[in-house]
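Here the structure is laid out as structure tokens; the discussion comes afterwards.
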Amino acid sequence: MKDGGRLAAAIEVLGEVESHRRPVQEALKDWGNAHRFAGSGDRTIIGNLVFDALRHQLSLGWQMRSGSPRALALATYARLWGQGVPRLTEVLADDRHAPEALSEEEIAFLSTDRDEPAPDHVAADVPEWLWPMFTDAFGAAAVTEGQALAARAPIDLRVNTLKATREKVLKRLGEEGAVETGLSPQGIRIAPRPGAARMPHVQAEEGYRKGWFELQDEASQLAALIAAPKPGEQVLDLCAGGGGKTLALAALMENRGQIYAYDSDRLRLAPIHERLARAGARNVQVRDPKSSSLEDLEGLMDLVFVDAPCTGTGVWRRRPDSKWRLTEKALGERMEDQARVLDTAARFVKPGGRLVYATCSLLPQENGGQIEAFLARDSRFTRGSAVASFEAALPGKALPAHATAEGHLVLTPASTATDGFFVSVVRRTA
Ligand SMILES: C[S@@+](CC[C@H](N)C(=O)[O-])C[C@H]1O[C@@H](n2cnc3c(N)ncnc32)[C@H](O)[C@@H]1O
């Protein structure tokens, strides 16, 4: 395929995502199945076009005076990717599969920055209904934070210290441009590449198959470090999902003590068995919600880790379509889930134990708001400090800019060069 055909494909997929509110990965997969002739290089470029268009949907639409799939794809290619109008004109002319030629208006909009400044939420590429929550969270930094959430994300890896060292993995991935992450001592990063470039498929590496590293954003690595599980402790990972945090906790515990990994959705839990085996994590007992209960753990845990179900506003870089699909109703439902899961988690914490609550959302309602409401509901718990835990776990590292007065930590692409993440610690005192 040539770029003209790829642009036409991107427009088709964007149309599918918009008109049927379909997850972008599904729409791309269906397009690929229906166009078997497209090679893996074509699919990468089409995917990059579609993802970038969705990341910058509002600001590109503002510039083009249209949010149509065509306008977004053309502006992504000519403006975001820096190909320019002459190259785009050439590309459209030289391929019979390309979209039709540029109109005079499109040439003008693609060529010259719009005079009047965009409204803040448009400049930030944040849905308008979420903007008050964003400004609530970030004040004067809200536009910068939104823009950083619209950028491409790196590939982050967590070195599995049960099997390897960071030096060893770095050596293996050196050719891919892998470097140490700035905060997590187990983190390795491969920076995002621009335009049409493809990211390496690290899961095909021998080191991945041998369990030397896992794919995990640095923010999640930091959440596990802040939870600070000690070897020998009793830990419940209540929302274990596929086990990303479980594996990080197991490595920090050096396979000593016991982790109970639970999730109310057994399908989400399913991949954990294979991942535990690959990582050599031997201190994890998986509790399947269908065949086992957690009753025997009540009041006994040193640490309950709650990686709560959330709206995922912190991971828009990786799932840009979710930014536009999110609804007020879904936010309300997640907030109900969060309150419920916090009350459940509280039952398992022993007196003197701690509960660590994390989300990959940046909305105050899902974060500090939930913790404050929980503390008001359950007088056995008092505020701990994720900030103090950060300082203890990462001595000498600068404190994230959005730490709150209550001691909660907010990580963001703009301030910590990680995914957006929230971490809070509360302690059971009675
Ligand atoms: C953010 S995801 C977990 C990701 C996982 N910890 C990881 O690191 O890969 C949140 C999980 O919470 C689970 N969940 C939602 N409500 C729950 C509940 N009441 N009890 C336990 N798990 C719940 C969901 O099924 C989902 O897998």
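Residues take their numbers from the sequence shown, with the count starting at 1. Side chains are part of it too, since the values below use all heavy atoms of this structure and drop only hydrogens, waters and symmetry mates.
Here D217 contributes atom CG and R158 contributes atom CZ; the two are 12.5 Å apart, rounded to the nearest 0.5 Å. Q221 CD to I226 CD1: the interatomic distance, rounded to the nearest 0.5 Å, is 11.5 Å. The distance from the CZ atom of F51 to the CZ atom of R152 is 10.5 Å, given to the nearest 0.5 Å. In this structure, OG1 on T89 lies 5.5 Å from CD1 on I107, to the nearest 0.5 angstrom.
With sequence neighbours excluded, the residues that form a salt bridge (charged side-chain N to carboxylate O under 4.0 Å, His left out) with R55 are D52. Listed by chain and number, the residues in a ring-ring contact (aromatic ring centres under 6.0 Å, His included) with W212 amount to none (sequence neighbours excluded).
Between D113 and R79 there is a salt bridge, with a side-chain nitrogen of the basic residue lying less than 4.0 Å from a carboxylate oxygen of the acidic one. Of the charged side-chain nitrogens involved, at least one lies within less than 4.0 Å of a carboxylate oxygen, so that D288 and R266 count as a salt-bridged pair. In summary, R114 and E116 engage in a salt bridge, as defined by a charged side-chain N under 4.0 Å from a carboxylate O. Between K230 and E233, at least one side-chain N (NZ, or NE/NH1/NH2) sits under 4.0 Å from a carboxylate O, which counts as a salt bridge. At a threshold of 4.0 Å, the pair D343-R340 does not count as salt-bridged, since none of the basic side-chain nitrogens sits closer than that to a carboxylate oxygen. E372 has no carboxylate O lying under 4.0 Å from a charged side-chain N of R377, or vice versa, which leaves the two without a salt bridge. Taking 4.0 Å as the cut-off between side-chain N and carboxylate O, R354 and D302 do not count as a salt-bridged pair. Under the 4.0 Å criterion applied to side-chain N and carboxylate O atoms, K29 and E26 are not assigned as salt-bridge partners. Under 4.0 Å is where a charged nitrogen must lie from a carboxylate oxygen, and between R189 and E180 no such pair does. Here K171 does not pair with E167 in a salt bridge; the nearest charged N to carboxylate O distance is not below 4.0 Å.
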Report, one line per pair, each donor and acceptor closer than 3.5 Å where one atom sits in a side chain of residues 242-249; sequence neighbours left out.
{"residue": "K245", "atom": "NZ", "partner": "S220", "partner atom": "OG", "Å": "3.4"}
{"residue": "K245", "atom": "NZ", "partner": "D307", "partner atom": "OD2", "Å": "2.7"}
{"residue": "T246", "atom": "OG1", "partner": "D237", "partner atom": "OD2", "Å": "2.6"}

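Sparse packing is recorded around CD of E175, with 12 or fewer heavy atoms of other residues, nucleotides or ligands lying under 6.0 Å away. Remark: E333 CD is packed, more than 12 non-hydrogen atoms of other residues, nucleotides or ligands lying under 6.0 Å away. Environment of CZ in R319: sparse, with no more than 12 heavy atoms of neighbouring residues, nucleotides or ligands closer than 6.0 Å. The environment of CZ in R172 is sparse: at most 12 heavy-atom neighbours from other residues, nucleotides or ligands sit within 6.0 Å.
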Checklist entry - Can you check side-chain contact (heavy atoms from CB on, under 4.5 Å) on I371 and Y357, steps first, answer last? => result CA-CA 8 Å; I371 292 299; Y357 174 81; 3.7 Å; yes
Next on the checklist: Apply side-chain contact (heavy atoms from CB on, under 4.5 Å) to residues L58 and W62 and explain how you reach the verdict.
Outcome noted: CA-CA 6 Å; L58 280 186; W62 166 263; over 6 Å; no
Next on the checklist: Please determine whether side-chain contact (heavy atoms from CB on, under 4.5 Å) holds for the pair T165 and T161, giving the CA-CA distance in whole Å, both sets of side-chain angles, and the decisive distance to 0.1 Å.
Outcome noted: CA-CA 6 Å; T165 62; T161 46; over 6 Å; no
Next on the checklist: Before you tell me yes or no, could you show the steps for L28 and R43 under side-chain contact (heavy atoms from CB on, under 4.5 Å), namely the whole-Å CA-CA distance, both residues' side-chain angles and the distance that decides it to 0.1 Å?
Outcome noted: CA-CA 8 Å; L28 279 165; R43 287 162 204 251; over 6 Å; no
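Among V50, D125, L54, the single residue meeting the side chain to side chain contact (heavy atoms under 4.5 Å, CB included) criterion with P320 is L54.
Using a 4.5 Å heavy-atom threshold, the side chains of L7 and P99 count as touching. The side-chain heavy atoms of R193 and R198, taken from C-beta on, include no pair separated by under 4.5 Å. In this structure, the side chains of R70 and E106 come closer than 4.5 Å at one or more pairs of heavy atoms. L60 is listed as a side-chain neighbour of L80, based on a closest heavy-atom distance under 4.5 Å. In this structure the side chain of N160 never reaches within 4.5 angstrom of the side chain of E214, judged on heavy atoms. No side-chain heavy atom of R21 sits less than 4.5 Å from a side-chain heavy atom of W324. Side-chain contact between L225 and L252 is present, with at least one heavy-atom pair separated by less than 4.5 Å. In this structure, the side chains of F422 and E366 stay at 4.5 Å or more apart for every pair of heavy atoms.
Annotation for G280 and L162: closest pair O-CD1, 3.8 Å, computed over non-hydrogen atoms. The two atoms that bring F305 and A223 nearest to each other are CE1-O, 3.8 Å, heavy atoms only. The shortest heavy-atom contact between A281 and A250 is CB-CB, 3.9 Å. Residues G420 and P413 come closest through the heavy atom pair N-CD, 3.9 Å. Between P229 and M253 the shortest heavy-atom distance is CB-CG, 3.6 Å. Listed here is the closest heavy atom pair of A261 and I272: CB-CD1, 3.8 Å.
Formation of a donor-acceptor pair under 3.5 Å by the D321 side chain with backbone atoms of V24 is found in this model. Panel note: side chain T181, backbone G187; a donor-acceptor pair is recorded below 3.5 Å. The main-chain N or O of G5 is found under 3.5 Å from a side-chain atom of D95 such that the two form a donor-acceptor pair. Proximity of a side-chain donor or acceptor of K397 to a complementary backbone N or O of G182 within less than 3.5 Å is detected. H56 places a side-chain N or O within donor-acceptor distance of the main-chain N or O of A150, the cut-off being under 3.5 Å. Using modelled atom types, one side-chain atom of R318 and one backbone atom of P154 make a donor-acceptor pair closer than 3.5 Å.
Using a 3.5 Å distance cut-off with no hydrogens or angles, the side chains of S184 and E218 do not pair a donor with an acceptor. At a cut-off of 3.5 Å, with distance as the only test, a side-chain donor of Q370 or Q338 sits close to an acceptor on the other residue. A side-chain donor from one of T404 and E406 sits under 3.5 Å from a side-chain acceptor of the other.
Ring geometry for F37 versus H35: interplanar angle over 60°, hence perpendicular rather than tilted (30 to 60°).
The side-chain tip of R278 points at the ring of Y208 from less than 6.0 angstrom away and within 45° of straight on. Relative to the six-membered ring of F109, R65 meets both conditions, a distance below 6.0 Å and an angle of at most 45° to the axis.
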